[in-house]
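Heads up: the structure comes next, in structure tokens.
Note that the structure is a prediction, hence the values are computed from the model and not measured. Lettering of chains follows the sequences in order, A, B, ..., and the numbering in each one begins at 1.
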4 protein chains.
Amino acid sequence: MNKVDLNSDMGESFGRYKLGNDEEIMRHISSANIACGFHAGDPHILKYTIKLAKESGTAVGAHPGLPDLLGFGRRAMDTTPEELYDYFVYQIGAVQAFCTVMGVPMQHVKGHGIVEMMSTERPELAEAIASAVKDVNPDLLYMTIAGTTLYETCKKTGLRVAGEAYGDRAYNDDGTLVSRKLPGSVIADPEVVAARIIQLLDTGTVTTYKGGTIKIAAQSICMHGDTPGAANLIRIVREKLDERGISVVPVGTLV
Amino acid sequence: MNKVDLNSDMGESFGRYKLGNDEEIMRHISSANIACGFHAGDPHILKYTIKLAKESGTAVGAHPGLPDLLGFGRRAMDTTPEELYDYFVYQIGAVQAFCTVMGVPMQHVKGHGIVEMMSTERPELAEAIASAVKDVNPDLLYMTIAGTTLYETCKKTGLRVAGEAYGDRAYNDDGTLVSRKLPGSVIADPEVVAARIIQLLDTGTVTTYKGGTIKIAAQSICMHGDTPGAANLIRIVREKLDERGISVVPVGTLV
Amino acid sequence: MNKVDLNSDMGESFGRYKLGNDEEIMRHISSANIACGFHAGDPHILKYTIKLAKESGTAVGAHPGLPDLLGFGRRAMDTTPEELYDYFVYQIGAVQAFCTVMGVPMQHVKGHGIVEMMSTERPELAEAIASAVKDVNPDLLYMTIAGTTLYETCKKTGLRVAGEAYGDRAYNDDGTLVSRKLPGSVIADPEVVAARIIQLLDTGTVTTYKGGTIKIAAQSICMHGDTPGAANLIRIVREKLDERGISVVPVGTLV
Amino acid sequence: MNKVDLNSDMGESFGRYKLGNDEEIMRHISSANIACGFHAGDPHILKYTIKLAKESGTAVGAHPGLPDLLGFGRRAMDTTPEELYDYFVYQIGAVQAFCTVMGVPMQHVKGHGIVEMMSTERPELAEAIASAVKDVNPDLLYMTIAGTTLYETCKKTGLRVAGEAYGDRAYNDDGTLVSRKLPGSVIADPEVVAARIIQLLDTGTVTTYKGGTIKIAAQSICMHGDTPGAANLIRIVREKLDERGISVVPVGTLV
């Protein structure tokens with residue numbers, strides 16, 4: 001495979017609060033997961049971020065989360081499937097309106113981290129997410145980790161689905177991510193991250209934390225945008241991919 | 001004129017808080033202005049209210065407001081035109097998504113009271129509102145009091161515009177509403193309200209607080225849904241109109 | 001025992017949204033658990049409710065909850081102990097300020113339902129709650145169901161603790177409440193509720209759902225204020241207690 | 001005068017959003033105006049900021065604002081005096097509770113910028129603020145610009161009041177601040193700012209934008225903490241004051 005998508009969470013600022021370096025990172029990625037105003041983001045940030053994406057030719061996606069700005073949407077909440085369905089519809093609709101206003105299409109939806117984790121434990125939440133996306137717009141692509149409950153549910157629902165992998169996170173032998181509490185779970189060296197992505201593209205595999213080899217089906221690589229040095233890491237990874245002749249393209253062209 | 005629209009603010013509940021008798025009122029009106037989650041309403045209420053509207057054949061509109069749930073969006077806020085534009089885009093988008101999900105078209109937009117009043121004092125806010133509506137969907141109709149700055153601005157922007165009048169509020173000779181602080185400013189007697197509406201339809205005039213006669217260009221009558229006895233008043237007005245052979249129809253068919 | 005406290009959740013309105021009949025219920029209870037602005041209530045409601053309590057001689061308590069107005073604080077959230085500690089300190093402080101302003105003492109704290117349930121599964125949350133209350137004011141009494149983790153933790157921390165029982169809920173043989181999903185789990189007949197309270201006071205026992213008898217150590221009876229007919233039920237219960245010569249007094253005088 | 005207070009707005013972060021460099025600035029100032037969770041700040045930030053203040057011996061004050069996190073409390077809102085009173089009581093109470101928990105006294109209250117400006121136009125708002133502070137705790141000192149409506153109102157109410165001046169803002173001849181839109185309205189050079197403060201302390205005067213000289217009665221100098229280079233500017237100013245033998249002390253010791 002000589003094409004890959006790089007995606008990153010964007011638009012996470014709020015009001016006067018600035019988070020991340022979207023201006024820089026947007027230029028190196030091909031798909032932007034844009035916060036929708038529940039766990040992060042607000043109407044102005046939303047519009048501004050879509051404008052940034054448009055200027056750099058980055059594909060736009062909605063990144064819906066839980067209504068918990070105080071916790072940045074990272075705390076599991078005991079929501080019902082209907083609540084989650086409604087939260088997704090609402091947030092996707094808001095992003096869609098700004099896409100319309102800015103004259104860009106919406107490519108994909110990717111749920112915020114904790115929502116996706118909740119959907120692994122409660123399949124009815126995966127159903128709710130998949131239905132919400134399909135009901136609002138069946139042409140939207142859903143992006144999530146390949147092989148998860150949510151991934152399979154979206155496929156069954158009839159949505160196009162893109163699998164994603166993490167370039168800067170170590171994997172366990174069962175394909176899950178190594179806990180952030182362990183040393184070496186997060187990879188900060190751009191050279192190593194680039195090498196891992198290239199291995200993934202060349203061989204479809206990842207070398208695990210314990211030294212094993214596992215298969216990962218991914219068309220998109222998630223790049224964290226909110227860690228120190230994130231912009232620099234993404235820039236270097238992008239350069240390495242360019243050097244190898246690997247095109248970085250929106251995931252919608254790959255699935 | 002033997003046709004008129006009755007519009008009412010709907011979907012103003014929030015979470016566990018119930019406001020108004022939407023189930024009853026929805027059956028008697030032809031256009032619903034649905035709160036969008038900023039000054040009132042939430043994603044679930046939004047979906048539920050659109051479902052109610054669909055069941056009764058009532059046309060759906062978005063009713064965007066200020067981000068001030070604590071004040072029910074009734075307190076003037078010193079927002080910039082760009083902020084207001086973004087608030088409208090965001091809220092209209094959210095309502096649109098639920099319309100899509102429920103399989104009903106969105107007919108109109110009507111700004112929450114204080115927003116419309118703010119736009120009278122600051123024409124740049126009227127511009128922001130008109131642009132937001134047009135940019136999201138130029139087929140949307142804007143409903144507001146005929147002759148206001150906002151009304152004229154929407155017209156100039158190229159939007160279809162519907163004028164509305166108040167059946168249960170007394171008018172001053174200059175066409176403004178009599179202050180709620182004065183006795184008799186709010187009319188509670190359904191018979192009187194119905195008579196005023198019928199006069200308006202027959203003659204295009206309203207008898208003012210001081211006994212004068214003024215012309216009002218209105219295709220829609222705003223019925224307050226949140227006062228005690230509102231459901232009863234609306235039901236009786238509807239009956240009186242039916243008796244007179246006046247069809248109550250969505251305003252989109254009248255302009 | 002010829003004395004008992006009746007407690008009820010009060011001050012759950014928000015902005016323009018009215019919930020419950022505090023004006024009526026406040027007159028029949030002896031301890032008010034007042035929402036603090038996170039899951040319900042707002043600064044104005046808070047002041048108004050303390051004023052109501054003062055007028056009827058009802059003792060005031062803070063009723064802290066999760067920061068989830070949309071879900072009325074009823075959805076379990078994965079908060080850390082430190083977060084919960086801080087939420088309690090913040091909310092108790094806000095209520096204390098209004099008590100000062102109104103010239104009434106604060107008697108107690110009682111956590112909102114889901115918080116107390118969360119503390120049963122995660123003892124570190126019970127520690128956080130107990131510490132927060134003690135650190136803000138060691139003279140505050142904590143009210144909760146006798147025998148729970150939270151009850152015991154508050155006792156160990158050195159707080160005065162009051163046990164409460166439910167007059168209108170059926171009990172299982174192990175002292176837990178019968179699920180609301182089962183018929184007969186909620187008792188609506190005031191006569192029955194009053195009889196159960198009187199049995200509890202006379203014998204320290206409750207007759208369970210299955211007909212057994214269990215001991216309950218309670219100085220306060222929780223009366224739900226948000227169900228239809230709640231005000232009427234509480235009024236009648238109060239009358240029955242009066243008839244039996246049972247004094248209804250603030251729990252602070254009983255422990 | 002060889003003593004002066006330096007005050008700065010602190011604790012304006014929210015959830016995952018970091019604003020300002022409180023860790024550094026707190027060491028150079030003598031009074032901290034701490035956001036209370038309405039326009040900025042949250043319970044955790046509040047506790048953390050008071051801890052920082054305690055560690056550096058900085059006096060703690062509450063910095064209440066409007067309930068508008070999205071607008072950082074900077075947008076005028078049409079609140080009633082009663083609403084503002086209640087917002088102040090609520091927020092001061094929350095800060096007081098964390099002061100208690102951390103074992104530090106609360107020295108003062110200073111309203112957020114727009115609230116103070118609103119109170120200039122509407123004296124009834126100044127009355128509301130003064131009453132709220134006095135009713136919660138008459139020993140609290142109120143800090144604001146000398147000579148304003150709010151300043152005089154607090155004095156009349158019987159509160160101790162401290163006057164503040166701006167070291168980094170140019171003044172008009174009438175004592176008001178030069179609009180930020182004009183060049184030179186904000187002074188970024190630490191040497192100049194220090195010189196202006198020293199002039200103020202030595203002579204009680206400020207050289208105005210147009211070159212005149214006006215008297216300013218100030219015991220405290222407000223240092224902006226949220227501009228680029230703010231920490232550096234405050235550090236240098238502090239050094240210059242130290243060099244001149246001017247003690248930087250909490251304003252409570254000066255009035």
side-chain contact (heavy atoms from CB on, under 4.5 Å) partners of A:A97, counting only residues at least two apart: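 B:V89, B:V136.
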Which donor-acceptor pairs fall under 3.5 Å between chain D and chain A:
| unit_1 | atom_1 | unit_2 | atom_2 | d |
| --- | --- | --- | --- | --- |
| D:E12 | O | A:Y17 | OH | 2.6 |
| D:R16 | NH1 | A:D226 | OD2 | 3.2 |
| D:R16 | NH2 | A:D226 | OD2 | 2.7 |
| D:Y17 | OH | A:E12 | O | 2.6 |
| D:D226 | OD2 | A:R16 | NH1 | 3.1 |
| D:D226 | OD2 | A:R16 | NH2 | 2.7 |

Which bit of A:F72 is near chain D, if near means a heavy-atom gap under 4.5 Å: side chain, backbone, both or neither?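 The side chain, not the backbone.
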